[in-house]
Amino acid sequence: EQFYCNDMLSEPSPEKLSWSAVSGNIRIVLDTDNPDSSCGGEVYHATVILSDVRFIVKGVERIIESLEFENVRVGWCAG
């Protein structure tokens with residue numbers, strides 16, 4: 001019989017990387033007509049569109065030709 005926790009990773013956490021764009025286009029479309037009512041109307045939804053965005057990550061170039069994030073919650077919700 002084992003009483004130890006078995007839902008935790010025993011391996012080290014993966015390395016966190018920060019990607020900073022050096023060229024390309026990032027478009028953010030904010031839907032201010034439909035605020036999220038769960039936060040008193042201070043949180044909105046946005047669509048984020050990346051086009052031909054060039055990143056340098058640890059000295060290696062990465063290019064995102066096209067990527068779209070829909071219904072991204074943006075804003076501030078106290079609590």
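A quick note: this is a predicted structure, and the numbers were derived from the prediction, not measured.
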T47 vs I28, test: side chain to side chain contact (heavy atoms under 4.5 Å, CB included). Steps then yes/no. CA-CA 6 Å; T47 299; I28 300 172; over 6 Å; no

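- The cluster map of Ile, Leu, Val, Met, Phe, Trp and Tyr, joined by side-chain heavy atoms under 4.5 Å apart, puts I56 and V53 in different clusters.
- Looking at I49 and I26, their side chains never come closer than 4.5 Å, going by heavy atoms from C-beta outward.
- Sorted by first and then second residue, the side-chain hydrogen bond (donor to acceptor under 3.5 Å, both in side chains) pairs involving residues 55-72 (not counting sequence neighbours) are E15-K58, R54-E61.
- Criterion: ILVMFWY side-chain heavy atoms under 4.5 Å apart, direct or through other members. Under it, V22 and V60 are not part of a common hydrophobic cluster.
- For the pair Y44 and D31, the minimum side-chain heavy-atom distance is 4.5 Å or more.
- Residues L67 and L17 are members of one and the same hydrophobic cluster, defined by side-chain heavy-atom contacts under 4.5 angstrom among Ile, Leu, Val, Met, Phe, Trp and Tyr.
- For the pair F55 and L50, the minimum side-chain heavy-atom distance is below 4.5 Å.
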